Amino acid sequence: MAKIQVLEKQIAELIAAGEVVERPSSVVKELVENSIDAGASAITVEIQNGGVTYIRVADNGAGIQREDIPTAFLRHATSKVHTQEDLKHIGTLGFRGEALASIAAVSKVELLTCAKGEMIGSHYRIEGGEEVGMEDAGCPEGTTFLVRDLFYNTPARIKFLKKDVTEANSVAGVLDRIALSHPEVSIKFIRSGKEVLLTPGDGDLLSDIYAVFGRDFAKNLLPVDYTLHGIRVHGFISKPTAARPNRSMQYFFINNRVVRSRTAMAALEESCKGSIMVGRFPACVLHLEVALEGVDVNVHPAKIEVRFVNERPVFDAVYHACKSAIQKEDDRKEMALRSDPKPPIRILPVTPPAKIEQTKLTDSLTSGEGGSRRENSAVSSFSSQPVVWRQSSPDIPKEKSAFFDSNKKLKEPAPLYQSSSRVLLDQEEISAAEDDSIRNSPQTPDNSQDIEARDEEQPVIRVIGEAFSTYIILEVGKELLLIDKHAAHERMLYERIKKDATVNHQMLLAPVPVTLEKSLYDAVLDHLPLLAQAGFETEDFGDGCILVRSAPLELDGADVELLVTELAGRLATCRQDLIPEQLEWIYHSVACRAAIKAGDKSSPKELYDLAVRALKEDVRYCPHGRPVAIRLTQKELEKQFGRIQ
């Protein structure tokens, strides 16, 4: 008895209009979903030329009975929906009966199938929607579709296809999501003769995640399994320490269907508040099991969005599931004590440094002596001159530092500092006070009389201190300046990078692998020359992985992976931007990440060097347009205190 039937008109009109086949990935999606609905436990997908010239989808499912084959290629012909009531509890991936008709209308299709219980299979051919023939064929149980020459009869639509590599990456992205939605099904993907994906099909979701995204992503996940209001939430979320710069690695599945759900996304991110840094997002692979009558999947042409009868229970279930997983499963970050004091990623400059002392200082600071790497690495990046710490000695001449005068010309008298006790200190004494002991036992410099005798028109820069570990307080002549140290440093780095990013970069001793979601991966491949122009030497490592071999000199090695992921997200969403605009954004991002942060601890010398450079370079605004400094004149201050009218 035939299983596939053409729906009655009134039922077909209740189904949301299906999208036409627009690219190879949509063909693969529909055929693979049909294979899963047919009960297949193993599916093989093979493409050539991005799927434009050749697609093969083979499964070991139930197959199609010979009498149903011609009917299957008619519009609104399906075995999954028969009555209007069936639309209220759809449990299959496909139900509209439009896919095969749409595919056959724009390509040359061959079907090899053998239904369970049949002694011989069938070979059916249809081109451009017109049946060519059907004959007996020897084939195993299951179904194999061969789709050739997509859009051969509609050349106007071929021009909208992208490069073969882009189309192939789109297919890979579809298969990644389907593999994660059905861990009990083994998915094999062969791309231009090379096997690039093979999931075990053992029902273990973590095994599928490992196969799709690799070890580095899989090892930073926390298990989730929670039931609330009859809704089960299970899968994995990323550890708070492994949060990502965008939402590209958030995957939600409702009743094994790939969906985009704002409700689930909001619940996930709300559960992670207070656990992850601001501006970072959790990654997840979460399955929701909801009663079929509680969710409507017939609201979007691509079936990617769903509507819940009641969204509150779904939000609560996801929120409490993720919250409990973080509280129960997440451990404190462990400190890894290494016998080798060198950091795991050493950075080698492309060109020799200008000063040997600066290289030695950077090496000693990054080796773990005298505080964290972030705090100490800021010392050598504040100024173009090397920062050399020296103890006071009559044999070593005092170093000179530049001063800012009213004409914006630089003088070179010995700099003055002012401690919290308002005692003037010279550069040698501040440099010797790295451990802050200088604040406990200040000394008056011997040259104070010479200072008073200097030209009164020459303003002396005094570092009064720092407010909120963010704003440098300076006395310059008859003005008080408050400088945002992050904004100032960010602007100076931005100008230096912008000036010559291709020269100002560094080779990484160990290339940094970056695993990306397929759409982001494709965006990076499309912009490799642009990234090289910005100082990132990257190459395709295959299967959604990018290798970064060099990065801008200002970046810490640990920031490379996060920044490249962030750049990939930007490139994926702003493909149409002009190259200068994209480069500007990359320069901004590098400078922002490399600059000293508000709240970072800074030594008096660091504050002084940064302030002098900001005044010397006349830095007014950060790359995002925020002001770098504000000033308060002595006259205005005296007005506030009633000293003058």
Side-chain angles (χ1 to χ4, degrees), residues 278 378 382-383 401-411 413-427 429-430 433 436 438-445 447-492 592 595-645:
V278 176
F382 276 136
S383 65
S401 294
F403 267 70
F404 178 76
D405 65 10
S406 57
N407 296 322
K408 297 184 181 180
K409 295 181 180 179
L410 297 174
K411 308 295 182 181
L416 297 177
Y417 293 85
Q418 188 162 5
S419 70
S420 57
S421 58
R422 301 188 61 79
V423 177
L424 298 180
L425 304 171
D426 65 15
Q427 180 178 357
E429 292 168 322
I430 288 295
D436 291 336
I438 188 69
R439 294 182 180 271
N440 299 325
S441 58
Q443 299 178 3
T444 304
N447 61 349
S448 58
Q449 295 180 354
D450 296 335
I451 296 171
E452 294 176 356
R454 288 177 186 162
D455 187 0
E456 294 182 356
E457 295 182 359
Q458 170 63 53
V460 176
I461 299 176
R462 293 181 175 88
V463 177
I464 306 298
E466 186 180 15
F468 315 116
S469 298
T470 303
Y471 305 103
I472 307 171
I473 305 175
L474 298 176
E475 180 183 337
V476 183
K478 294 185 178 182
E479 293 182 345
L480 282 181
L481 288 182
L482 275 75
I483 297 179
D484 185 328
K485 64 181 182 182
H486 170 73
H489 195 205
E490 181 182 11
R491 183 70 192 195
M492 290 185 287
C592 184
I596 187 172
K597 303 298 186 293
D600 284 355
K601 182 180 178 181
S602 304
S603 70
K605 178 167 179 56
E606 291 174 345
L607 297 177
Y608 179 83
D609 287 345
L610 179 58
V612 168
R613 282 193 58 200
L615 295 175
K616 174 183 176 181
E617 298 180 17
D618 195 21
V619 175
R620 302 292 182 89
Y621 300 95
C622 81
H624 305 289
R626 292 191 297 108
V628 165
I630 59 174
R631 65 188 182 95
L632 177 63
T633 64
Q634 180 181 356
K635 182 177 180 181
E636 181 62 31
L637 192 61
E638 290 176 345
K639 281 184 179 180
Q640 296 296 323
F641 281 97
R643 288 181 173 271
I644 61 175
Q645 299 297 324

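No experiment lies behind these values; they were computed from the predicted model shown.
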Engineer: Between NE2 of H489 and CZ of R613, what distance do you get to the nearest 0.5 Å?
Structural biologist: 6.5 Å

Engineer: Does E466 pair with K485 as a salt bridge, N-O distance under 4.0 Å?
Structural biologist: yes

Engineer: L610 versus M492: any side-chain heavy-atom pair under 4.5 Å?
Structural biologist: yes

Engineer: Has the side chain of E606 got a donor or acceptor atom that lies under 3.5 Å from a matching backbone atom of S603?
Structural biologist: yes

Engineer: If the condition is side-chain contact (heavy atoms from CB on, under 4.5 Å), which residues does L632 pass it with, not counting sequence neighbours?
Structural biologist: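 L632: side-chain contact (heavy atoms from CB on, under 4.5 Å) contacts with L480, E636, L637.
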
Engineer: Can you give me the closest heavy-atom contact between V463 and Y608, atom names plus distance?
Structural biologist: CG2-CD1, 3.7 Å

Engineer: Decide salt bridge (charged side-chain N to carboxylate O under 4.0 Å, His left out) for K605 and D609; before the verdict, give the C-alpha distance in whole Å, the side-chain angles of both, and the deciding distance to 0.1 Å.
Structural biologist: CA-CA 6 Å; K605 178 167 179 56; D609 287 345; 3.5 Å; yes

Engineer: Shortest non-hydrogen contact from A487 to P627?
Structural biologist: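 Looking at all heavy atoms of both residues, the closest pair is CB-O, 4.3 Å.
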
Engineer: Looking at CD1 of I472 and CD1 of I464, how far apart are the two atoms once the value is rounded to the nearest 0.5 Å?
Structural biologist: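 The distance works out to 12.5 Å.
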
Engineer: Tell me, do Y471 and D484 make a side-chain contact under 4.5 Å, heavy atoms counted?
Structural biologist: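 SC-SC contact between Y471 and D484 confirmed.
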
Engineer: Rounded to the nearest 0.5 Å, what separates atom OG1 in T470 from atom CD1 in I483?
Structural biologist: 13.5 Å

Engineer: Checking E638 now: which residues fulfil salt bridge (charged side-chain N to carboxylate O under 4.0 Å, His left out) with it, not counting sequence neighbours?
Structural biologist: none

